[in-house]
Structures are given as C-alpha cells and as structure tokens.
Q: 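Below is one structure. I have some questions about it.
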Amino acid sequence: MIKAVKGTRDLLPPSTEVWNRVESVAREVFRAYNYHEIRTPILEETELFARGVGGETDIVTKEMYTFDDHGTSLTLRPENTASVIRAYIEHRLDQKPGVQKLYYMGPMFRRERPQKGRYRQFFQIGAEAIGSDSPLIDAEVIEMVVEILQRAGLSGFKLLINSVGDGNCRPQYVEQLREELKDAAPKMCGDCQRRAETNPLRVLDCKVEPDQPIIDALPSILDYLCEPCRLHFEKVKQFLTDRGIEYEVRPRMVRGLDYYMRTTFEVVHGSLGAQNSVLGGGRYDGLAESLGSKIHSPGIGFSIGEDRLVMSVEGEQTNVPLDLFIAPLGDAAVRHTAVMARDLRRGGFAVELAEGKLKRAMEIANKLGARFVMIVGDNEMAAGRYALKNMASGEQLQLTQDEIAAALAVASN
RNA sequence: GUGGGAUUAGCUCAGUCGGUAGAGCGCCAGAUUGUGGUUCUGGAAGUCGUGGGUUCAAGCCCCACAUCCCACCCCA
C-alpha cells in the first residue's frame with residue numbers, strides 16, 4: 001500500500017474544519033490591519049535561502065529539500081520570509097506608497113525527524129511589514145498576532161520578547177560571550193561545549209538544569225545594545241504596555257535564523273510537548289539588502305506554526321451542521337426533490353439528497369447529525385406539502401417549500 | 001543525524017507454552033407496508049508493517065529495513 005511520505009500527513013474532516021476556521025480568523029484580522037495576501041512559489045532557487053536564512057544555519061545546511069533542475073539548484077521553501085522579500089524586490093514594491101503589509105499562508109518543507117508538532121510538510125500563517133523601522137510597527141505586528149491567536153481560540157499562551165541588537169552592537173556582545181565561555185563552557189554539558197565553538201548564542205538556550213546558574217552568570221545581550229537599539233526596544237515595550245499586551249522579556253531567547261535583528265518574539269504554549277513554540281518572529285532590517293535590494297528596506301514579520309496552533313485549539317469541536325436531509329420515495333420523488341435541493345442550497349442551506357429506502361435514509365440522516373429530514377412521496381408531491389421532521393424533537397409537519405425554507409432559517413440561527 | 005517505545009480488522013486493543021487469529025466500537029444487512037436514536041439477529045472485513053532466518057510448525061523466537069509516537073539536535 002502506498003502511504004503518505006514520512007513526515008507528511010493527510011488532513012481529514014472534521015479536523016479540516018478547524019484549519020479553515022483558523023485561516024478565516026487570520027484573514028479577518030489581517031484585513032483589519034490592512035495586510036494583503038501574497039502568494040509566492042513553493043519552489044525557489046536554493047541560493048535565495050542560503051543568502052536569506054543564513055548559509056550556516058541548520059535549516060540550510062541539512063534540512064532543505066533541494067534538487068537539481070537541469071543545472072539549477074532548486075529548493076522547496078523551508079520558510080517564506082526570504083521569498084516574500086525576493087518578490088518585494090523583484091516587483092519593486094518599494095516604489096509603492098507606505099509600508100508594504102503582506103500576509104501568506106501555506107506549506108513549508110524541512111527534512112527533519114518528525115515529532116509531535118513537527119512535520120516535514122508543515123503549514124505557516126505569516127505576515128511581513130516592509131519599509132519601516134519604527135518600533136510602532138513592531139508593536140502593531142505583535143498586537144496583530146496576539147489578536148489572531150485569541151480569536152482562533154487559543155488561551156494560556158505566553159508572549160516572549162527580546163532584542164538581539166544589530167550589526168553594530170551584536171558582534172561586540174558575541175565577542176564578549178565567546179570570551180567568557182572560554183572559562184565557563186568546560187563546566188557545562190557536552191552540547192554547550194560544542195555550541196560555544198559553533199554558535200555561542202545557542203548556549204543561552206540550553207535547557208540542561210545544572211547549566212542554568214552558569215548561563216545566568218553570562219552577560220546579557222540587553223546590556224550590550226547600542227543606543228539606537230536600546231531606544232528601539234524601550235519603545236516597543238512601551239507600546240506593548242500601552243496596548244495592555246502582557247509580555248515577558250527573555251534576554252536569553254535566541255532565534256534560529258540569521259536575518260533577525262533588534263526585536264524578536266515568540267509565543268509558547270504548554271499543550272505542545274517539546275515543540276512548545278506556536279509562533280516566532282522578528283525584525284530583519286538588513287535582509288532586503290543582502291538579497292540584492294538597492295534601497296534600505298527594513299522589515300518585521302512573524303510566522304505561526306499552523307499545525308501547532310490547530311493542535312492547541314482542536315479540543316473544542318466545531319461541528320458543521322447539516323441543515324436538511326432529503327429522503328425521496330421513488331423515482332419521481334427523486335427528480336422532484338433534486339430541484340428542491342438545488343433551490344434550498346442556493347438559499348444557503350447545507351442539504352444532502354439521498355436515494356433508497358426510507359428507513360435507511362433516516363439512519364444516515366441521524367448519523368450525519370441532520371437537523372431536519374424532508375420526506376417526499378407521491379402524497380406529498382400531489383399536495384405540494386412535504387413532510388418535515390425535526391430530528392431532535394421528533395415532531396413532523398406538512399409544509400410547503402417556502403415554509404420549509406423558513407423553518408430551516410429559524411433553526412440555523 | 002542520535003536514543004527509547006510501538007506496529008494484529010476502518011478505530012481502540014486482546015492473543016496463553018510456538019500449533020496458520022479474537023473482542024468492543026464502527027460499517028453493511030435483517031426483525032411484514034413510508035420514519036432515526038435503544039434493543040435483538042446475522043454478515044463483510046486481517047499477506048498479523050515489509051523482507052529474510054530458526055523450526056515439522058512463527059502473530060509469538062532471531063536479524064535487517066520501513067513507518068508512527070516520544071525525546072535529543074534544531075526549530076514554526
């Protein structure tokens with residue numbers, strides 16, 4: 001038997017109802033904040049991600065689906081920010097008035113070992129605001145994403161923020177960190193000893209308990225921010241407080257992508273096991289230039305792990321009701337009710353039309369959770385009044401088509 | 001890439017000492033005429049993850065692989 005490839009999965013009803021609800025909630029919120037949808041290709045030249053995401057990151061070095069296409073190296077997108085910036089540059093969106101506010105949703109691909117909340121094809125809902133370095137935009141983006149989570153029905157999540165500095169101050173911090181790790185690292189876990197060499201910032205993210213006091217003693221990035229970065233971060237926090245958004249500053253929070261600078265943020269939720277991050281985002285003021293933009297195009301964005309959000313929200317069952325199940329008796333009734341079904345469906349009702357024995361039709365209607373069953377035989381057709389049975393109460397009335405539509409309308413409110 | 005657990009009917013799972021499979025739920029069909037839920041009866045459905053090995057005989061023992069789950073790494 002052929003099965004879905006490792007790390008990918010089929011999304012089936014009723015789960016897809018939850019996915020759709022999450023997506024439509026996101027679209028509503030995006031609209032309210034004046035964001036517009038962008039759809040970029042799932043395939044890009046490999047070079048885009050190497051330059052955008054960072055050639056030394058794990059994503060690029062070992063997690064991408066890359067193949068040769070007649071001499072050109074192509075890659076299934078592992079994330080979407082680089083693509084959006086590429087499109088922004090390619091189509092000269094910098095020439096458009098104001099900040100470009102773009103959102104997207106769709107599949108991403110990373111060749112990682114699958115795990116709870118982690119798949120090789122996973123879905124992200126994200127947005128990018130390009131063309132402003134104002135902290136006001138940072139706060140608005142964060143406000144927007146919190147709004148999406150809340151309206152999607154997520155509760156009990158925690159917003160973490162940090163500033164990772166810029167090309168001016170971060171190198172100095174990393175240098176200092178390296179210096180202190182020369183003494184500290186040998187006392188730490190094996191992973192940290194390795195990280196101290198390869199990626200010192202990652203040491204801060206270590207979860208090994210005995211290492212924590214050592215990490216606490218290491219310098220904080222926040223003490224090394226240059227004046228512009230420090231001011232920017234202060235304003236972001238101030239704007240968040242103005243909005244009544246609760247956050248926690250996590251100077252040790254490190255992000256996996258090279259392009260982040262200044263503001264970074266993350267939302268975590270307890271229901272997700274080890275993959276507790278629902279969303280990550282941050283500012284990337286140098287990304288556009290590194291992808292070839294001639295003009296400075298600072299931006300900030302985020303992406304929600306939709307698989308994880310759906311997982312956290314899925315508890316509350318959204319069942320989509322079937323308004324009417326039609327049970328025609330005989331060929332003439334089938335033809336007659338097919339036309340009625342079309343009219344009622346045009347009226348916006350969810351209608352199922354069946355053939356076969358009445359008893360069987362009733363069983364199916366019951367299993368589908370139909371609110372009403374309409375029974376139509378020769379008697380009904382002759383009278384122009386149809387038997388409408390309320391499945392919850394068992395009450396059955398003889399009604400005209402218009403009266404049936406009215407009854408369905410009342411019930412669906 | 002590393003480690004641990006799992007894999008038997010559509011689903012959740014039993015399966016004794018090695019003797020070629022069971023339950024519950026679900027599905028389908030009946031219990032006289034055009035009426036669901038409860039009940040009763042019957043039925044279909046399994047290459048026991050795949051491929052090897054041991055054995056007279058393997059769901060069960062051995063090996064390899066695959067997939068899923070959990071964790072590490074890393075990350076949404």
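Source: prediction; values computed, not measured.
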Q: Please report the distance separating the C1' of C13(B) from the corresponding atom of G26(B), rounded so that it comes out in whole Å.
A: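 My reading of the C1' atoms in C13(B) and G26(B) gives 14 Å.
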
Q: So what does Val278(A) hit on the nucleic acid, given a heavy-atom distance under 4.0 Å: a base, only sugar-phosphate, or nothing?
A: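 Val278(A): backbone/sugar contact only, no base atoms under 4.0 Å.
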
Q: Between Asp138(A) and Arg262(A), is there a salt bridge with N-O shorter than 4.0 Å?
A: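 Looking at Asp138(A) together with Arg262(A), the answer is no, because their closest N to O distance does not fall below 4.0 Å.
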
Q: With heavy atoms under 4.0 Å as the rule, sort Leu279(A) into base, sugar-phosphate or nothing.
A: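 Here Leu279(A) touches the backbone only, sparing every base.
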
Q: Arg360(A) CZ to G37(B) P: how many Å, rounded?
A: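 Taking atom P of G37(B) as the reference, CZ of Arg360(A) is at 11 Å.
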
Q: I want to check something: taking the side chain as every heavy atom from C-beta on, are Ser303(A) and Ile125(A) in contact at a cut-off of under 4.5 Å?
A: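 With C-beta onward as the side chain, the pair stays apart.
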
Q: Is there a residue in residues 363-371 of chain A whose heavy atoms reach under 4.0 Å of RNA chain B, and which residues are they?
A: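 Contacting residues: Glu363(A), Asn366(A), Lys367(A).
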
Q: Reckon Gly126(A) touches a base, only the sugar-phosphate, or nothing at all at heavy-atom distances under 4.0 Å?
A: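 Since no nucleic acid heavy atom lies under 4.0 Å of Gly126(A), the category is nothing.
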
Q: Go through Glu306(A) and Phe122(A) one step at a time and tell me if the side-chain contact (heavy atoms from CB on, under 4.5 Å) criterion holds.
A: CA-CA 8 Å; Glu306(A) 192 176 0; Phe122(A) 59 101; over 6 Å; no

Q: Could you state the atom-to-atom distance from CG of Asp10(A) to C1' of C11(B) in whole Å?
A: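 Rounded to the whole Å, the gap is 16 Å.
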
Q: Do Arg77(A)'s NZ or CZ and the ring of Phe49(A) fall within the cation-pi criteria of under 6.0 Å and 45°?
A: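 Because its charged atom misses either the 6.0 Å distance or the 45° angle limit, Arg77(A) does not stack over Phe49(A).
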
Q: When you compare A6(B) with C61(B), how far apart are their P atoms, in angstrom units rounded to a whole number?
A: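 It works out to 11 Å between them.
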
Q: Using a 4.0 Å heavy-atom cut-off, does Glu112(A) contact any base of the nucleic acid, only the sugar-phosphate backbone, or nothing at all?
A: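 The residue Glu112(A) makes base contact.
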
Q: Is there a donor and acceptor pair closer than 3.5 Å between the side chain of Glu380(A) and the base of G34(B)?
A: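 Result: at least one qualifying N/O pair found.
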
Q: Grab the CD1-P distance between Ile59(A) and C74(B) for me, whole Å please.
A: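 Nearest whole value for this atom pair: 12 Å.
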
Q: Is the shortest heavy-atom distance from the side chain of Phe233(A) to the side chain of Ile161(A) under 4.5 Å?
A: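 Side-chain contact under 4.5 Å: yes.
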
Q: Give a yes or no on whether a salt bridge exists between Arg120(A) and Glu63(A), defined as a side-chain N under 4.0 angstrom from a carboxylate O.
A: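 No, Arg120(A) and Glu63(A) are not salt-bridged.
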
Q: Does Gln115(A) put a side-chain nitrogen or oxygen below 4.0 Å from OP1 or OP2 of A71(B)?
A: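 Yes.
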
Q: Give a yes or no on whether the backbone of Pro219(A) and the side-chain of Tyr173(A) come within a donor-acceptor separation of less than 3.5 Å.
A: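 Checked: pair present.
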
Q: Specify whether Tyr103(A) and Phe30(A) have parallel, tilted or perpendicular ring planes, treating 30° as the upper limit for parallel and 60° as the lower limit for perpendicular.
A: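 Tyr103(A) and Phe30(A): parallel rings.
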
Q: For RNA chain B, whose closest nucleotide is more 5', that of Phe123(A) or that of Lys62(A)?
A: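 Looking at the nearest nucleotide for each, Lys62(A) comes out on the 5' side.
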
Q: Name the nucleic acid region contacted by Gly281(A), choosing base, sugar-phosphate or nothing; use a 4.0 angstrom heavy-atom cut-off, strictly under.
A: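 Contact class for Gly281(A): none.
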
Q: Using a 4.0 Å heavy-atom cut-off, does Asn379(A) contact any base of the nucleic acid, only the sugar-phosphate backbone, or nothing at all?
A: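 Base, at least one base heavy atom under 4.0 Å.
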
Q: Does a side-chain N or O of Lys357(A) approach OP1 or OP2 of G30(B) to a distance below 4.0 Å, or not?
A: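 Yes.
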
Q: Within the side chain of Asp323(A), is there an N or O that forms a donor-acceptor pair under 3.5 Å with the backbone of Phe349(A)?
A: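 Looks like no, no N/O pair under 3.5 Å.
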
Q: Work out which heavy atom in Val25(A) is nearest to a heavy atom in Ala152(A); give both atom names and the distance.
A: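 Looking at all heavy atoms of both residues, the shortest contact is CG1-N, 3.9 Å.
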
Q: The side chain of Lys3(A) lies closest to which of these nucleotides: G36(B), U67(B), G34(B)?
A: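 It is U67(B).
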
Q: Could you give the NZ-to-P distance, from Lys359(A) to C28(B), as a whole number of Å?
A: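 Those two atoms, NZ and P, are 12 Å apart.
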
Q: Measure the distance from CZ on Phe325(A) to P on G36(B) and round it to the nearest whole Å.
A: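 Whole-Å distance recorded here is 13 Å.
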
Q: What closest approach, in Å, do Gly394(A) and Lys389(A) show between heavy atoms, and which atom pair accounts for it?
A: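 Nearest pair, atom of Gly394(A) first, then Lys389(A): O-CE, 3.8 Å.
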
Q: Taking atom P of C74(B) as reference, at what distance in whole Å does atom CD of Glu63(A) sit?
A: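 Atom-to-atom, Glu63(A) to C74(B), this comes out as 10 Å.
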
Q: Among A71(B), G34(B), G36(B), which is the nearest nucleotide to the side chain of Lys116(A)?
A: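 Within the option list, the nearest is A71(B).
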
Q: Toss me the dot-bracket line for RNA chain B: Watson-Crick and G-U wobble, both under 3.5 Å, 5' to 3', using | for pairs to another strand and [ ] for crossers.
A: (((((((..((((.....[..)))).(((((.......))))).....(((((..]....))))))))))))....

Q: What's the CG-P distance between Leu358(A) and G36(B), to the nearest Å?
A: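 Going from Leu358(A) (CG) to G36(B) (P), I get 8 Å.
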
Q: Give every pair of a protein N or O atom and an N or O atom of nucleotides 2-10 of chain B that lie under 3.5 Å apart, one pair per line with the distance.
A:
unit_1: U2(B); atom_1: O4; unit_2: Arg113(A); atom_2: NH1; d: 2.7

Q: When you compare the side chain of Ile221(A) with that of Asn162(A), does any pair of heavy atoms fall below 4.5 Å?
A: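 Yes - at least one pair of side-chain heavy atoms lies under 4.5 Å apart.
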
Q: Which part of the nucleic acid does Tyr119(A) contact within heavy-atom distance under 4.0 Å: base, sugar-phosphate only, or nothing?
A: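 Since a base atom lies under 4.0 Å of Tyr119(A), the category is base.
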
Q: Indicate yes or no: at least one non-hydrogen side-chain atom of Ile375(A) is less than 4.5 angstrom from one of Tyr386(A).
A: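 Result no, sub-4.5 Å side-chain heavy-atom pair not found.
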
Q: State, to 0.1 Å, how close Phe239(A) and Ala139(A) come at their nearest heavy-atom pair, and which atoms those are.
A: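 Here Phe239(A) and Ala139(A) meet closest at CB-CB, 3.4 Å.
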
Q: Nearest whole angstrom, please: distance from the C1' of G36(B) to the NZ of Lys389(A).
A: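 Spelled out: NZ on Lys389(A) to C1' on G36(B) is 6 Å.
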
Q: If you take atom types as modelled and just measure distance, does the side chain of Arg110(A) reach the base of C74(B) with a donor-acceptor pair under 3.5 Å?
A: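 For Arg110(A), whose side chain was compared with the base of C74(B), there is no donor-acceptor pair (under 3.5 Å).
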
Q: 5'-most contact on RNA chain B: Ile304(A) or Ile375(A), nearest heavy atom basis?
A: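 So the residue in question is Ile375(A).
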
